[in-house]
Amino acid sequence: MSIIEKALQKQQKASKPSLISQAMAEQPDNETSPPTPEQAEKHDLANSQHQPNKAILHIDTNRLERCGMVSHSNNKANPQITNEYRSIKRKIIHNAFGQAASHHENGNLVMISSSRPSEGKTFTSVNLALSLASEKDKTVLLVDADVLKPSTGKLLEIDVNNKPGLIDFLLGEVKSVSEVIYQTSIPNLRILPAGTSHHLSNELLASDKMASLTKELATRYPDRLVLFDCPPLLGVEETITVSKLLGQAMIVVEHGKTKMADVEKAISELNKQMAIGFIVNKAKQGAYSQYEYGYGDDYKKESQS
C-alpha cells in the first residue's frame, strides 16, 4: 500500500468537514555571493525607489479571512486551517534550512502542483505563502509559474495581469529580476507574476537564463523560501521543465477524485532526489493529518508493495 493510499484511508475516520474544503468552495543580474537578509532587503528597497511606477500590491487580508483562508495576523480567525498550514510549513522549512537541507539542492525552492486541474494547488500555494509570511526570520516569494493560466493574482485580488513578470524577464524585456518582483502590503511576502503569455513558454522555462534565475533565487536570500505555483503535472511540459530546477515538491491530491494512477504517473516525471510532499485536499478531516513527505524513489517502491 502506497503512502498516498494510507493518507487517503485516514479520511474514513473523519467526523467533520475540513475548513480547507469549506474555504475552497467559497473561492471564486549577474551571479553574486549571498548577502545578509538585511542587505538583500535594502537592495530591494533601493530598486523600488528607482521604479516610481512600481506600487506596493495591497492584499486584503480581511477578505482572505472571510473566505476561510490562513490568517496572517489574527490568531482567532480560522484557527484550524491556520494551524494546519503551520504544521505543513514546518516540514518544508526543515527540508530547506534544517538538517535535511544538505540532502536537497535548492531545497528552499518549492514547487506546488497537482496531477490534474482544479485540485486546489493555487489555493494551497497562497495559503502556504501567507503562513510562511508570518515567520519572524523568514521571507517568502510567491512565483506564479503557471504561465499558461496564471491565477494567484485572481485569488489574492491583486492587479498583476498587465504587469511584467517571469516571462518578460526571460525574454529580456526587463533588465533585472528585481523589476518583476513586487512588494505587497504583507511585509514578508513578495510576488513574481507570470507576466506576458508567450508561445515559447516551455523553451523559455528550459533556458539557461531560467536556470541562472533559480540559482540566484536559491542563494541570494538566505532567509527566503520561494514557492512556485505550477500548472498541473500531467499533459503540461512546462511543469516538468521547471521541476528539474527545484528541491521540493508539494502535490495536491483531491480526496475522492484524484486517481492513484495519475498521481504515480505525475511523480514519476519528477527529480527522484526531490523531497515530495502530498496534501490530500477537499477532505473531511484537517489537511495536516493527511500530509505525508518522502522522496520520489520511496513512493515508487511503496506503490509496488
Side-chain angles (χ1 to χ4, degrees), residues 4 20 24 27-28 92 106 109-129 140-156 158 160-161 163-171 177 180-181 191-207 209-211 213-214 217 225-254 257-272 274-282 296 299:
I4 310 169
I20 291 182
M24 280 293 296
Q27 295 305 320
I92 294 173
N106 294 346
L109 306 185
V110 185
M111 179 183 81
I112 296 95
S113 185
S114 57
S115 57
R116 300 285 185 182
S118 303
E119 293 183 303
K121 54 97 179 172
T122 299
F123 178 84
T124 298
S125 299
V126 169
N127 274 298
L128 183 57
V140 57
L141 171 64
L142 178 59
V143 180
D144 195 337
D146 193 346
V147 295
L148 302 177
K149 190 178 179 182
S151 53
T152 56
K154 181 178 180 181
L155 183 56
L156 288 169
I158 53 178
V160 293
N161 290 337
K163 296 183 183 297
L166 176 61
I167 293 298
D168 303 276
F169 171 73
L170 296 176
L171 284 169
V177 68
V180 291
I181 294 179
I191 301 289
L192 172 51
T196 304
S197 176
H198 198 276
H199 68 286
L200 294 178
S201 59
N202 184 62
E203 286 76 9
L204 290 167
L205 293 173
S207 67
K209 191 168 186 177
M210 181 64 182
L213 172 61
T214 55
L217 293 177
L225 273 157
V226 185
L227 306 181
F228 291 78
D229 181 36
C230 293
L233 283 161
L234 297 181
V236 183
E237 189 62 31
E238 282 80 355
T239 309
I240 303 302
T241 300
V242 172
S243 73
K244 305 302 182 185
L245 304 171
L246 312 182
Q248 298 193 60
M250 289 178 56
I251 310 302
V252 179
V253 178
E254 183 176 351
K257 180 178 178 181
T258 304
K259 297 179 180 179
M260 284 300 304
D262 286 346
V263 177
E264 292 172 0
K265 181 179 179 181
I267 64 174
S268 70
E269 301 287 339
L270 298 176
N271 180 356
K272 300 302 184 292
M274 295 181 83
I276 302 176
F278 293 89
I279 290 183
V280 180
N281 196 29
K282 303 182 184 180
Y299 293 115

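As a basis for the values below, the full set of heavy atoms in this structure was taken, side chains included, without hydrogen atoms, waters or symmetry mates.
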Quick one: [atom1] on [X] to [atom2] on [Y], what's the gap to the nearest 0.5 Å?
X	Y	atom1	atom2	value
Met111	Leu245	CE	CG	11.0 Å
Ile267	Asp262	CD1	CG	11.5 Å
Leu234	Lys259	CG	NZ	11.0 Å
Asp144	Lys149	CG	NZ	12.0 Å
Asn127	Ile279	CG	CD1	9.0 Å
Asn271	Gln248	CG	CD	12.0 Å

Work out which heavy atom in [X] is nearest to a heavy atom in [Y]; give both atom names and the distance.
X	Y	value
Pro193	Ile191	CD-O, 3.7 Å
Glu254	Ser118	OE1-O, 3.4 Å
Ser201	Val147	CB-CG2, 3.8 Å
Val140	Ala129	CG1-O, 3.6 Å
Thr214	Leu109	O-CD1, 3.4 Å
Ser114	Ile251	CA-CG2, 4.2 Å

Apply salt bridge (Lys or Arg N to Asp or Glu O under 4.0 Å) to Asp168 and list each qualifying residue two or more places apart in sequence or on a separate chain.
none
For Asp146, all residues meeting salt bridge (Lys or Arg N to Asp or Glu O under 4.0 Å), sequence neighbours excluded:
Lys121
By side-chain contact (heavy atoms from CB on, under 4.5 Å), which residues pair with Leu213, not counting sequence neighbours?
Leu166, Phe169, Val177, Met210, Leu217
side-chain contact (heavy atoms from CB on, under 4.5 Å) against Ser151, all qualifying residues, sequence neighbours excluded
Thr122, Asp229
State, yes or no, whether a side-chain contact exists between [X] and [Y] at a heavy-atom distance under 4.5 Å.
X	Y	value
Ile92	Leu128	yes
Val180	Leu192	yes
Leu233	Ile240	yes
Thr258	Arg116	no

Quick one: list whatever passes side chain to side chain donor-acceptor pair (under 3.5 Å) with Thr241, sequence neighbours left out.
Asn202
A quick test of your reading: do over 12 heavy atoms of other residues, nucleotides or ligands sit less than 6.0 Å from NZ of Lys209?
yes
Side chain [X], main chain [Y], donor-acceptor under 3.5 Å:
X	Y	answer
Thr239	Pro232	yes
Lys272	Leu270	yes
Ser115	Val263	no

Scan for salt bridge (Lys or Arg N to Asp or Glu O under 4.0 Å) pairs involving residues 235-245, sequence neighbours excluded, and state none if there are none.
none
